[in-house]
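Each remark here refers to the structure printed beneath this line.
Proteins come first, then strands; the chains are lettered A, B, ... in the order of their sequence lines, and each starts at number 1.
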Amino acid sequence: MEISLACYQSLSLDKIQNSFRFPSSIHEVFRTKPLFSDYCFRFNRRKCGNPCDKIKCFSLEQGLQPRRPKPKPSRNTDSDLKETEETHVKRPSVGICSQIEKLAFCNRYREALELFEILELEGGFDVGLSTYDALVSACIGLGSVRAVKRVFSYMISNGFEPDQYMSNRVLLMHVKCGMMVDARSVFDEMPERNLVSWNTIIAGLVDVGDYFEAFRLFLLMWEEFSDCGSRTIATMIRASAGLELISVGRQLHSAAVKFGVGEDIFVSCALIDMYSKCGSIEDAQWAFDEMPEKTTVGWNSIIAGYALHGYSEEALSMFYEMRDSGVKMDHFTFSMIIRISSRLASVEYAKQVHAGLIRHGFGLDIVANTALVDFYSKWGRVEDAKHVFDRMPCKNTISWNALIAGYGNHGWGAEAVELFEQMLREKMRPNHVTFLAVLSACSHSRLFERGWEIFQSMSRDHKIKPRAMHYACMIELLGQEGLLDEAFALIRGAPFKPTANMWAALLTASRVNVNLELGKYAAEKLYGMEPEKLSNYVVLLNIYHQSGKLKEAASVLQTLRRKGLRMLPVCSWIEVNKQSHVFLSGDKSHVQTNEIYEKVDSLVHEISKHGYVPKEKTLLPDVDEQEQRILLYHSEKLAVAFGLINTMKGSPLQIVQNHRICNDCHNAIKLIALVTRREIVVRDASRFHHFKDGSCSCGDYW
DNA sequence: TTAGGGTTAG
């Protein structure tokens, strides 16, 4: 029985309990056809390979054969006797061992492992269980594969025979350090496994995204114990979230209620996360409302849920509620709020969160600081971004990517490339996002040769296969150089089926270079892939117009009308004094309307001295006569005028737009930035446009 | 008995 939790706000849990079919339901779920197609869809979408292979891997018939306990080795051989004798002569090592334990207890893991070196080098020490436990803690604390190998090999060579507790700790040590293959061997060879062992290995599998194997082990665990606790359920809910399988998540929710752990905080948080990741924010909110005690993680999960669905305002409002409820905020909260501020282009708010981050003692947190770097660099405040970046005590690839992308988005292509090279010099490993950022920077700044070199170095030097987006960047780069044939050859030579992004890049290149034939070809490819996407038709329409082919343009227009494709209203918004102001074209609802319109008129008058001529007619098909008259008052211009009236000189204006900026406004804003000596950053549906000193970071190519 | 679980950044 499929149930929607949102429907149960009145009678709720009873019905959920009645729907309980666990665990047989999970077997059914994995065997039924609709769910199989569900997987196919998801795996196609995530490009995780052939879904059929994944399903084959998850064969319930091939159960894991429980290992028999290993027979204890007979001690008849000479060498064994020797070993036994040696164990008798082990040196007491109370001093070193207790020191290791103390250091590990104080989280001084590195020092504990340094001291462990003495045991390794000199050998023959009598090391007790508590010392091994401390060493395991040190390995987990450092997350070091090398340390795990050292400690594990010492345990084996020293003849350590772990009890159930220590076996689980050893298993956990491998799991936490991401050594899942070794962890699996440890698990398989354990003479006895209890619930903790199963939970540990299953959680590890979920952590690395091997959800099918996690489910397989979960069912085997169920066969062995016919029992599971809140921890197992929370983990399996996480696995359902990973697979985006709400039906399985609901069954687990039912199971949790049945087992009396439906209100467990870990289960509740996992449910909030699962429902939001599976697309049902209503159910996530319901699960949150049902939490008897709303913890920091609970609040974080629901805020993350709203943010995931693009409901930034709602997420912020939940954050205010969280703050007012007196629950402690943590580095997760701050990281999310910075990201949400970034979407809302709210510098003031981000500054406050930045201050709060430091005040609450999370000033060194890598995730929150990376979010800050991303925020500042996204909005053209490169100095601030660099300031945060330079003061980060440790940085990872994501931190570097954020700054490189920021440089690139704002037209500092050379600086982005320099930063990328510095990253390589500092032995930080780039990933596919790094290359996307640096190639996109090259493309915005027209660094053709450098971009081409970097593109080639991806697979040659860094063993990273270029993906469709990298190809799209290169097509853009070639298009800027007018090398359309080469761009087309790159698409045809790609080792995979060209994607819509790639054809769209070629279509844009054809429009900019006015190549009708290639444009038509790319547009036709795009229609086949995205028949309902309006922008594809609009670009072709523009190409026909530019080439004077009015008959063909009219035919595209007819197709649009036949398909009933209409544009969503274009809107731009800007935040001033922590308040968002949204504008539509010709919008007269704002309280400062008169002032704003006067400002637009005076700006247009001013920039006309610099050669600006407003376009009389837009090429967009859905703009009616009335709207054509108000072209002068497009949402972008209204937002810019409002920003200029209400903000201090010196600070850049930050405007967000739900569509691509139009050609006319692009020209106008470029000149407005010049005459008013203000920086204006517009994030449209496609990219950032940083207007400064009469030019734009996109190099007029978009 | 100990041990195992939930949320964040490009």
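For the pair Arg683(A) CZ and dG10(B) C1', the interatomic distance rounds to 15 Å; values are reported in whole Å. We find that CD1 of Ile338(A) is positioned 10 Å from C1' of dT8(B), with the value rounded to whole Å. Atom CZ of Phe389(A) and atom P of dG10(B) are 15 Å apart (whole Å). One atom, NZ of Lys378(A), and another, C1' of dG10(B), lie 8 Å apart when rounded to the nearest Å. If you measure from atom CG of Leu357(A) to atom C1' of dT8(B), you get 12 Å, rounded to the nearest angstrom. dG5(B) atom P lies 18 Å from atom CG of Leu271(A), rounded to whole Å. Summarising the geometry, the separation between CG on Leu195(A) and P on dG5(B) is reported as 14 Å, rounded to the nearest angstrom. Rounded to whole Å, atom C1' of dT8(B) lies 12 Å from atom CZ of Phe334(A).
In this structure, Lys378(A) forms no cation-pi arrangement with Phe688(A), as its terminal cationic atom is not both closer than 6.0 Å to the ring centre and no more than 45° off the ring axis. At least one cation-pi condition fails for Arg169(A) and Tyr132(A): the charged atom is not both under 6.0 angstrom from the six-membered ring centre and inside a 45 degree cone around its axis.
If you check every strand for non-hydrogen atoms under 4.0 Å, Asn168(A) touches a base. Note on Asn431(A): a base of the nucleic acid sits closer than 4.0 angstrom, heavy atoms only. Residue Lys395(A) is out of contact with every strand shown, counting any heavy-atom pair closer than 4.0 Å. Within the nucleic acid shown, Thr232(A) has no heavy atom closer than 4.0 Å to any nucleic acid atom. At the heavy-atom level, Ser335(A) lies under 4.0 Å from base atoms of the strands shown. As judged by a 4.0 angstrom heavy-atom cut-off over every strand, Asn396(A) is placed among the base-contacting residues. Base engagement by Ser230(A) is indicated by at least one non-hydrogen atom pair under 4.0 Å involving a base atom.
Ser276(A) places a side-chain N or O within 3.5 Å of a backbone atom of Asp273(A) that can act as its donor or acceptor partner. A donor-acceptor pair is defined here as one N or O able to donate and one able to accept, closer than 3.5 Å; such a pair exists between the side chain of Arg343(A) and the backbone of Ala307(A).
Closest to the Tyr165(A) side chain, of the nucleotides dT8(B), dG10(B), dA3(B), is dA3(B). In the set dG5(B), dG6(B), dA9(B), the nucleotide with an atom closest to the side chain of Ile265(A) is dG6(B). Among dG5(B), dT8(B), dG10(B), the nucleotide with an atom closest to any side-chain atom of His331(A) is dT8(B).
Ring centroid separation for the pair Trp198(A) and Phe218(A) does not come in under the 6.0 Å cut-off.
Contacts between residues 398-424 of chain A and DNA chain B, defined by a heavy-atom separation under 4.0 Å, are made by Ile398(A), Asn401(A).
Contact of Asn369(A) with dA9(B) (side chain to base): no donor-acceptor pair of N or O atoms is detected under 3.5 Å. Side-chain atoms of Thr295(A) come within donor-acceptor range of the base of dG6(B), with a qualifying N/O pair under 3.5 Å. A donor-acceptor contact under 3.5 Å is not formed by the side chain of Thr370(A) with the base of dG10(B).
In this model, the phosphate group of dG5(B) is approached by a side-chain N or O of Lys176(A) to a distance below 4.0 Å at OP1 or OP2. Considering only side-chain N and O atoms, Arg169(A) lies nowhere under 4.0 angstrom from the phosphate OP1 or OP2 of dA3(B).
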Steps toward side-chain contact (heavy atoms from CB on, under 4.5 Å) verdict (Phe375(A), Val388(A)): CA-CA 11 Å; Phe375(A) 176 85; Val388(A) 175; over 6 Å; no

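Within the structure, side chain to side chain donor-acceptor pair (under 3.5 Å) pairs that include any residue of residues 414-425 of chain A comprise Glu418(A)-Arg425(A), Glu421(A)-Arg450(A), Gln422(A)-Glu426(A) (at least two apart or interchain).
Residues meeting the ring-ring contact (aromatic ring centres under 6.0 Å, His included) test with Phe319(A), sequence neighbours left out: none.
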